[in-house]
Structures are given as structure tokens and as C-alpha cells.
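Per chain, numbering begins at 1; letters A, B, ... match sequence-line order. What you are looking at is a predicted structure, and each value in this text was computed from that prediction instead of being measured.
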Amino acid sequence: MKTTFIPIDFSYFDFEGKNFVKMVGRDNKGKRICVIDSCPVFLWAILSENIKTKEVRGLIEKVQKIEVKGKDRTTRVENVEIHDKKFLGREVQALKIFATNYKDLHDIADQLNLPGIEKRRGYDLGFVSHYIIEKEILPLKWVEVEGELLNNSLDFGGIDGVFEVDECIKAEKITSSKEIGFEPRILAYDIETDEFQIGEGEIVMVSLYGKNFKKVISWKKLANKEKPDYVDYVKDESELIEKFIEEVKKYSPDFLVGYFSDGFDLPYLKARADKNKIKLSIGLDGSQPRFSRGRELTGEIFGIVHVDLLKFIKTAYSQYMQSESLSLNEVSKEFLGDSKKEFEFVHSSKLDDKGLLNFFEYNLHDSSLAYRLFEKMWPDILEFSIVMQEPTFDVTRNGMSKNVESYLLHNLKRFNEIPEKRPVHEEISERMEREKYEGAFVFEPTPGLYEDVVFFDFTSYWPSIIVTFNLSKSTLLEGKEKDATEIDVSGKNFWFSKKPGFFSEMLKEIIEKRTQYKKELKQKEDVFKKARSNAFKLLANASYGYQGFFGARYYCPEASAATTAISRKIIKEIIDKINSQDYKVIYSDTDSIAFLKNKKTEKQVEELLEKLNSELPGIMKLELEGFFERGLWVSTRAGNVGAKKKYALIDSKGKIKIRGFETVRRDWCDLARELQSKVINLILKEGNEKKALEYFKEVIKKLKNREIKKEEIMITTQIKKPLNEYKSISPHVIAAQKMKDAGLPVTIGSLVEFYIAETREKKKLIREKVKLPDESGEYNLEYYLNNQILPAVENIFEVFGVKTKELIDGKKQMTLF
DNA sequence: GACTGAACTATACC
DNA sequence: ACGGGTATAGTTCAGTC
């Protein structure tokens, strides 16, 4: 039979010692299909450079006889071929060694520790990735499948008999198909429980939200009020879990979506199913979710892609987001303009009818938010899967370095390259201990309020350096060669080949594709194209970090150090050139330069830009970031030098851009942040400090009169490690400990909120004055004056010669008097 | 007990 | 374990007098 098919979920199984991929997806009529396929399994043995033909023949004969006896199967070498390949850009001869089972390749490799074989590679990709590379079948890309319809046949020991799909096909031929669009079936879910610890308390209710579908399943019932339509009552928790499974099966989603569901909802469901002695048989073959043993839990369901949106948001969006936390509430506000429903948690036994009704709504709304977030992010999720060529389950969980690596591995074929291996544990520890290399250049500004500021910045600065100078593991030379680029890295020299390597070639393609899509987007908007452009942008940006990351296959700190060395050299040259053209550079950080326009016209500035660009090497390019009417730089708190990474700008439309100031830091209280923001605004708009100073005096007065609302003085700080590992017990650790004592969950990543209160006795340390938001108390006047609002504006007013400290002290004495 | 610099910690910038 | 280094700034800690 023949069908058009889109693969969504990827997994594999063994039958008679061989590996088979099972792909679950849809056909063009929306029917749910499972396609079973296989591919040759092999690894590479790279031969020594000087090996003789005769020796190769002997080696092949020896390798052909290798057999590995395992507990439940025997794997043997089935065939050996010799190929001309490349490894790290070097031409090599390599044996392609075919074997029975992918998981046994490691054992085969152990037997290949033979003279004449230099390296063994290509057996640590995972069978699914190996399959995708070999058969060139991409996740979420339509294909034409020809094969045998398995209809409860005995093939594969009757494995398809238990698959809850419309058709199961054993593939004979798979070819690519034209794109016909795909609308995924999405189901979001969320549970509410009596305890925060996994499995500790009962699951009170679970909500489901899909297309024209909403449901809350609960064993807790309203006593007197009528139940809403979307609520289904069940007898107890055990029935709740069974009903949940039933509803998921009935809805038949491609994607089951949660928020922090890898870490909470799914493991909680599993734990409670275990406790109730029932099976959480949610997989399409009746299997239970499988949880990885890694540092962080991940829950995988056969046939349904379980997506934890929190993880994807962390890697794909967080660096560009305004939200100060990644809570469902904040993220929903930013992406959907909607927030969670208000609800104060109480134990289910203490819920009255009104509370329970709210709880139903709250629970359903959370699922609705997750559903809509998925819809919003679907173009990015889809394009990430297609660009990285990895299953959606993985790309939604991997970090950017893993994504860079996926892209590399899936494109090596075009370069005839054998993949490098993953670093082993010892290598990783060694790499982690390496000395840091010197990074970017930051210009020390002179504090002041400047008029007419121009900003230039480089487009994809570091990636463009890597490409232009060919900086990578495969192009790093051992010593000086004739056709090499010599790079002085803080007094030490490195040489890189001028012949382009696959890393910089691929990165060049990534940058070019990004530029091309961006150009096309200007002509016509398209959410999917935008998502693809974004995926390439993120890949390019992560490529520099990748080479310096200890877990990378293509780890190359020399390339990273060379990249930053070149970046420092070039930006300093540009600064000199701009200064020599009768402009004055006032600031620079990594890839951006700010300078005074000096009464010149915008056209003259653009000509300057053009000239600078004509002198830049390779694909490097400088861009005009913008013209600004005013810019403010301040000094550091400690000394009288200009502070780096702290400035504020205003453009001709009155739009203000603030960098680094306390205003943009979440670990300062709102009072200080809003005061500072207002002061910066007034100064930039007015061009002087007068109105700002008046405003500051008002705030001091209000604070002293205790007219400030409590929520404005709350300080929020993140817990970054287990509480007992803190060497220095700072206020936020005390706050966290207090929360823990009150039975609230505090884990790594938790944000704790507290304020500094007045104390009866005189206490020396700030941490002794910490109180949680719901603890009664007066805010500590001295602390908020001297440690919050004064530091927030002191350096700003200092630019104008105003001594704010005297302002606070003077007033204080007066009020005391 | 006051003072001081180093260490620790969180968060921003690019 | 799940990109990198540069930088500011607060609070505690440990040493001195």
C-alpha cells in the first residue's frame, strides 16, 4: 500500500536482534499511522595514515569475524567496506563496519582496539538520530511511504496488534513528498494537588484543554452548587487517573502539552498511579510514560509527543523576553496578554463551594494558557524540528549547544565527514578545569549626559569572525604552516588553516539563510518563515558558545580565544578610525560602538559607515543601530571611574532604552526601580536634573512618612543552590529558610520575596531583619533610604554635581528634630 | 566592637 | 553537564586594631 505521511513521534524497538524505528504520525486524511522502518547499522574505524594495502586486507578479514555475545542476543559484524572519508577535515581511509544492533556497536568498538585502527567513531548518536541521518527522513516533513500494511499480523511478533493507530505500515520505500501543511492535534493538561512534593498528596483534579474541548475531572464535589458543564465527577483519585487516560485516548492528541510538566504533572500522575496500584497506560501501545534518569526529569510517552513548554521557552525565547520569571503567569502575560486566574491555595479538605468552583476555573484556565502558548509557539517548535532535524520531543528539551551540535551532525554527510565522538567523563572534567580565556573588550566611559549619540553595531559579530577567519577544531593547526592565519591570543600564537572547514562553511550557510529569510520577510510576512529565520539566528548566536562549551563534540577553546582576540583587535581599530574622522567614541561593548555626532549630518555618518565596511575583512559587517538625542553614563559606586554596562538612551521619538541600571534588575525593590526609572526619564527628556530632583525629594518624604505600600518594598531574589550549600548566609537565604519552615516549596530556581523590617532590638546584620511578605511589621526606614533608594539615584545626580547623601541625612535630622 | 578587604552571591550586558 | 566572558553591586565573613 502507499500513503502520504508526516512523522511526529519517533522511537525504536528491537526484533530478532535488529533495530526498528517506529514513527507515529498522520496521513493526509488525518488518520493516525505508525510506520515501522529500519536502516543499516554501522560504525567507522579510521585507519592509520601509513597503513599498507596488504595490512588493510588482513584487518578487514579480522574485523569480519568479530562477534559479541550479549545476554539476550548475539551481534556480529555483517559486512565491512572501505571508504575515503574525512575526519576533522583530514582525508582518511576508514572501514565502514556494519553490525546487527546499534546498541551493541559500543561492544564492537571495544573489539576494534587493533593495530592499524587509529580511531573508532559514529556509534554514539542514538539509533533514532542515526536513522534520520541515514534515511534522510525529517521530523514533521511529509513523505510518501510504500509498504506492507500490518493488520494484526505476526510480523514483529504481533507488536502492531496493541498499537492504537488506524494503520500500521512496514515501510519498503520512503521518499520525500511535497509540503501539504499540517495542523497538529494539541491537548494541554494541568493537575492540582494537595502537596507540592511529587506524589506526597492526592491529585484533586486534572484539567484538559483542546480544540473545542475543555474538561476538568475531579473527585472533590460541590456540596450545594450545580456543577459546571465542563466538570466531570469521579469517585476517587484512582478513577480520576483512569478517566484522564480515557479522555486523552479519546481526544487522540499528537502533542500532549504541559507547563513544567516534566518536573511536576507527569511524574506526579505516575507516582499517584503507582500508589493506587493502577497503570498510567497512556502510550499508544498501552505503555506508561518513561522517565529519564538525568539531572532533570523528562517524561516520554509512546506515540504522543509530550511537550514541556517551560523547557522550550528557556532555550528559545528567554534571552529575548521582558518577563522577570518564567512562571506560567508571567510568560502568559507576555505572549498572550492573559494571566492565571486568582486563587489562594488551600487543602482540598478545607475548600467550600465557592472556593472549589474557583479552583475548577483556575485549573481549566491553566490548561487553556498552556494550549494557547503552544499554538503561539508552534511555528518555532516546527521549524526547530525541521532545521535541527531532530524529533520534536528532543528539540523542545535540548539547550542551544545541543541544537548546534544536532545541526552539525545532521549536515556532516555533505562534507563526507565522520562524526566526532562525545567527550567522555574524564575529558569533561578536564575541560571544566581549563583556565578562562580573555573575552570581549569593553570601553570605559566618562560619566556624563551626552547629546546626539550614534550607535553602530556588528551583525552577528562572533559568528562572522569564526567564518571569516575559519576558526574551529578541524582547522586549528598544530604549528605554523605556509597557508595559515596567525592569531595572537593574549601573547600566545595560534594558527588556523585558510582552507574553509565544515564548521565555518556550515555557519556561513546559517548566516546566509538567516539573511535571506529576513529579506524575504520584509517583502511578505509569514509566521513559519519568521520562525525559520529565528531558528537560524539562534543557531548562529550559539555557535561561539558551543566551541567553548565543555560538553561539545567539536570543543575548541583555541578557536573561542582566537574569536575574542580578533573581536578586540577589530573593534579597537574601528574606534580609532571613528575618532580620527572628527567624531568622539564614548562607549563600546563587545560588538557595539557609541560616539558623538559632533554636529555632522546623518548622511555623513552613513558615509563613514560605508567606508568602515569597505575596509572590513570577509563577511564582517557594521550596521547603524540608531541615532539618539541624549545618552546618560554614570560612575561606579566604588570609585570615580565610568561604569561599564550601564547606560540610558533616548531617541528622537522619545523612546527610552535602559541598560544595566537597577531599574532593569529584578533583585531591587519596585520603589527603587520605579524611582530610578522616573529619574532617568526626566533627565533624558528635560536635558537636566531639576525635575528629577524634585521627584526624588517627594519619594524621600513619602518613605519617611511611611506612605509607601508594602508591595513596593518587596525584594525578589532567586535561590540558585540547595540552602545548606550557601557559604554566606545572605538575606534571601534566610527568607527561603522561613518559607521552607512554613511548608512552602523552595527548590533551585525558586524566587523568594521578602522585605527588611524594623526590629525592636538593634540588629547589626540585614539578614536579621528579614520578613516574608505576609509577616506583619514596619519597613526599615534606614535600610530603604540608604540601601535602596539612595544607591539607585546617587550616581545619576552625581553627574550634575548634586550630593544626594546630604539630602537624605539633612532631612532625616530635621524630621528627628 | 568598629573597621576593612576578600569572598560569596545574584544579575545584568553582549 | 546540558553555550561563552565581562562587569556591577550588595551582604557576609574573617581578619585587624
Mind checking salt bridge (charged side-chain N to carboxylate O under 4.0 Å, His left out) for Glu444(A) and listing every partner two or more places apart, or none if nothing turns up?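 Checked Glu444(A) against salt bridge (charged side-chain N to carboxylate O under 4.0 Å, His left out); zero matches.
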
Pick base, sugar-phosphate or nothing for [X], based on heavy-atom distances below 4.0 Å to the nucleic acid.
| X | result |
| --- | --- |
| Ser560(A) | nothing |
| Tyr587(A) | nothing |
| Lys646(A) | sugar-phosphate |
| Asp394(A) | nothing |
| Lys721(A) | sugar-phosphate |
| Arg397(A) | nothing |

Residue mapping more 5' on DNA chain C - nearest nucleotide basis, Glu296(A) or Glu768(A):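 Nearest nucleotide further toward 5': that of Glu296(A).
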
Using the closest heavy atom to pick a nucleotide of DNA chain C for each, name whichever of Thr636(A) or Lys645(A) lands nearer the 5' end.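 Going by which nucleotide is closer to the 5' end, it is Lys645(A).
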
Kindly indicate whether a cation-pi arrangement holds for Lys678(A) with Phe661(A), taking the cut-offs as under 6.0 Å to the six-membered ring centre and within 45° of the axis.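 Judged by the rule, Lys678(A) and Phe661(A) form no cation-pi pair.
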
To the nearest angstrom, how far is [X] atom [atom1] from [N] atom [atom2]?
| X | N | atom1 | atom2 | answer |
| --- | --- | --- | --- | --- |
| Ile465(A) | dG4(C) | CD1 | P | 18 Å |
| Ile571(A) | dG5(C) | CD1 | C1' | 15 Å |
| Tyr726(A) | dG10(C) | OH | P | 19 Å |
| Asn786(A) | dA9(C) | CG | P | 17 Å |
| Tyr546(A) | dA1(C) | OH | P | 18 Å |
| Arg673(A) | dA9(C) | CZ | P | 16 Å |
| Met400(A) | dG4(C) | CE | P | 14 Å |
| Gln547(A) | dG5(C) | CD | P | 13 Å |

Between the protein and nucleotides 13-17 of chain C, are there any N/O to N/O pairs under 3.5 Å, and if so, what are the atom names and distances?
residue, atom, partner, partner atom, Å
dC13(C), OP1, Ile729(A), N, 3.4
dC13(C), OP1, Arg767(A), NH1, 3.3
dC13(C), OP2, Arg767(A), NH1, 3.0
dC13(C), OP2, Arg767(A), NH2, 2.9

Answer yes if the ring centres of [X] and [Y] are under 6.0 angstrom apart, and no otherwise.
| X | Y | answer |
| --- | --- | --- |
| Tyr123(A) | His106(A) | yes |
| Phe595(A) | Phe455(A) | no |
| Tyr317(A) | Phe312(A) | yes |
| Phe502(A) | Tyr554(A) | yes |
| Tyr555(A) | Phe549(A) | no |

Between [X] and [Y], does any side-chain donor sit less than 3.5 Å from a side-chain acceptor?
| X | Y | result |
| --- | --- | --- |
| Glu768(A) | Thr759(A) | no |
| Ser406(A) | Gln389(A) | no |
| Ser323(A) | Glu334(A) | yes |

Is the phosphate of [N], meaning OP1 or OP2, less than 4.0 Å from a side-chain N or O of [X]?
| X | N | value |
| --- | --- | --- |
| Tyr555(A) | dA1(C) | no |
| Ser401(A) | dG3(C) | yes |
| Asn787(A) | dG10(C) | no |
| Arg665(A) | dT8(C) | no |
| Asn398(A) | dG3(C) | no |

Would you say that Ile511(A) contacts Thr459(A) through its side chain, given a criterion of any heavy-atom pair below 4.5 Å between the two side chains?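 The answer is no; the side chains never approach within 4.5 Å.
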
Taking the inter-plane angle between the rings of Phe441(A) and Phe443(A) on a 0 to 90° scale, is it parallel (under 30°), tilted (30 to 60°) or perpendicular (over 60°)?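 Rings of Phe441(A) and Phe443(A): perpendicular, over 60°.
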
When you measure from every atom of DNA chain C, which of residues 425-441 of chain A have a heavy atom less than 4.0 Å away?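 When residues 425-441 of chain A is checked for heavy atoms under 4.0 Å from DNA chain C, the hits, listed by number, are Arg434(A), Lys436(A), Tyr437(A), Glu438(A), Gly439(A), Ala440(A).
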
Tell me which residues in residues 619-627 of chain A lie within less than 4.0 Å of DNA chain C, going by non-hydrogen atoms.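 Contacts with DNA chain C under 4.0 Å: none.
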
At their closest point, which heavy atom of Lys738(A) faces which heavy atom of Leu772(A), and how far apart are they?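 That closest heavy-atom pairing would be CB-CD1, 3.7 Å.
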
Which atom of Gly263(A) lies closest to which atom of Asp308(A), heavy atoms considered: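 Nearest pair, atom of Gly263(A) first, then Asp308(A): N-OD2, 4.2 Å.
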
Going 5' to 3' along DNA chain B, between which two nucleotides do contacts with chain A fall, using a heavy-atom cut-off of 4.0 Å?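 That gives a stretch of dC8(B) to dC14(B).
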
Could you check which of dG4(C), dT6(C), dT12(C) has an atom nearest any side-chain atom of Ile766(A)?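 Closest nucleotide to the Ile766(A) side chain: dT12(C).
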
I'd like to check the side chain to side chain donor-acceptor pair (under 3.5 Å) partners of Glu625(A); sequence neighbours left out, ordered by chain and number.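 Side chain to side chain donor-acceptor pair (under 3.5 Å) list for Glu625(A), sorted by chain: Lys657(A).
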
Given Lys646(A), Glu798(A), Glu794(A), the one that forms side-chain hydrogen bond (donor to acceptor under 3.5 Å, both in side chains) with Ser635(A):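 Answer to the side-chain hydrogen bond (donor to acceptor under 3.5 Å, both in side chains) test with Ser635(A) among Lys646(A), Glu798(A), Glu794(A): Glu798(A).
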
